[in-house]
Amino acid sequence: MSGRPLDVLEASLEETVTIALKDGTAYVGTLSGYDQHMNVVLEAPGEAADTEALGDLTVDSVEDTTIIRGDNVVSITL
Amino acid sequence: MSGRPLDVLEASLEETVTIALKDGTAYVGTLSGYDQHMNVVLEAPGEAADTEALGDLTVDSVEDTTIIRGDNVVSITL
Amino acid sequence: MSGRPLDVLEASLEETVTIALKDGTAYVGTLSGYDQHMNVVLEAPGEAADTEALGDLTVDSVEDTTIIRGDNVVSITL
Amino acid sequence: MSGRPLDVLEASLEETVTIALKDGTAYVGTLSGYDQHMNVVLEAPGEAADTEALGDLTVDSVEDTTIIRGDNVVSITL
Amino acid sequence: MSGRPLDVLEASLEETVTIALKDGTAYVGTLSGYDQHMNVVLEAPGEAADTEALGDLTVDSVEDTTIIRGDNVVSITL
Amino acid sequence: MSGRPLDVLEASLEETVTIALKDGTAYVGTLSGYDQHMNVVLEAPGEAADTEALGDLTVDSVEDTTIIRGDNVVSITL
Amino acid sequence: MSGRPLDVLEASLEETVTIALKDGTAYVGTLSGYDQHMNVVLEAPGEAADTEALGDLTVDSVEDTTIIRGDNVVSITL
């Protein structure tokens, strides 16, 4: 299963990630935690975050600690 | 998994949180409980709550003890 | 997890609760039972129930014993 | 959990019940069986069934033995 | 639980059943198998099948062996 | 449970099957594998496949090895 | 179960795959990991990727390491 999804998340802790949700929104932030359901915790990114559009999605920067429930997630881009 | 979502919830007990739901509504209240499904219990916030819009969502303040079933939750912002 | 959702339900047995469902309906009744899936049993409320609107939702009073399947529930307000 | 939903179903066997489904339909029939997923079996009601509207729903009487898969159920009214 | 849904299916093997699906279609066929998820196997009915409308649904007769995944099923009428 | 759905799939390995999906598409191909979730693997059919419409659905022939996630499946016709 | 879906994924590691999602988008990339929920990890494809339309879907090439949550997946084409 080489490079399993959760291993990739583990290796991305404290990195900036972009998360696209099923409702058509997308968020950029620093990944500070996750669990096996792909629930994630994002923090405000330390530097000016890249809120460049992700395909058709506008990307918003997270301002406060935000828990996103995993079942809303479409993709997490590193 | 550093800073797992449920650990962040545990640390946020008795704090004011904003919860965005899949139906496009959002609520602010004091987090008084939760469980492993991310079912949560909100109480009316003790002070004038910040009902500032969350992106496009209008945020309503909870007036009575309210249980929210976890599968409706998109995000919980601290 | 202080004040877990199901503990709050347990403490609300025989109390009047308002339940908002995913289909945009809401019901008020006396909580006479529940289980771990948040399936609930409502009875006609003993006194004139408060069917005041819950935000945008109109609230109907339950007339007969009604089982609501938990996966329809958005929130339960005490 | 006093008066759990499945206990209420057990006590309602051979009684006439009205079942509202997520697709906006509703059925009245005699409850002849159920299981832990709230899958139910309805039989044609023995007497003239009460197909009075349930709120906005029109209620149809079951004519033949009908199994309803539980994940379609919104509510079961006794 | 008297007359559990799966027991009713077991007793209906080799009988003609009508299955209504969540997408608004309905099929009539001979029930040749099922499992605990309510996945079912239908065969072309041996005799002229009753494709009379089921409420508002048009009912199609199955022509070849067809497996229907259980999570699509609304109801199974015997 | 006579002729369980997964037993029917097992017996259909290397046969041509038509799979209708929840999004209204349908595919014809050779069934080369499956698992207990009804995830399936289709290969390009060896002979000119029957892409005759399945009811209202247009049926496309699979060109390359394709894994279909089981929760999209409505029906599998042999 | 000959050629189970996850075995096919295992054999496709480091290969270019096209993944169609429930929201009508499709992505091409190098499969670098997966797990039992069909969560997958895609990397930017090493060579000019084939972004030829997949039926009616436009196919986008992945530019950065991307985790896709399995419950969004319709199909994975090798």
Which donor-acceptor pairs fall under 3.5 Å between chain C and chain D:
| unit_1 | atom_1 | unit_2 | atom_2 | d |
| --- | --- | --- | --- | --- |
| C:E10 | OE1 | D:M1 | N | 3.0 |
| C:Y34 | N | D:M1 | O | 3.4 |
| C:T65 | O | D:L78 | N | 2.9 |
| C:I67 | N | D:I76 | O | 2.8 |
| C:I67 | O | D:I76 | N | 2.8 |
| C:R69 | N | D:V74 | O | 3.0 |
| C:R69 | NE | D:G70 | O | 3.0 |
| C:R69 | NH2 | D:H37 | O | 3.0 |
| C:D71 | OD2 | D:K22 | NZ | 2.5 |
| C:N72 | ND2 | D:V73 | O | 3.0 |

So for [X], is it side chain, backbone, both, or neither that comes closer than 4.5 Å to the heavy atoms of chain D?
| X | result |
| --- | --- |
| C:L13 | side chain |
| C:V62 | neither |
| C:L21 | side chain |

Contact summary for C:G33 and D:P5, nearest pair of heavy atoms: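 Answer, listing the atom of C:G33 first, then D:P5: C-CD, 4.4 Å.
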
Nearest heavy atoms of D:G3 and C:V41, plus distance in Å: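 Shortest heavy-atom separation between D:G3 and C:V41 comes out as O-CG2, 3.4 Å.
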
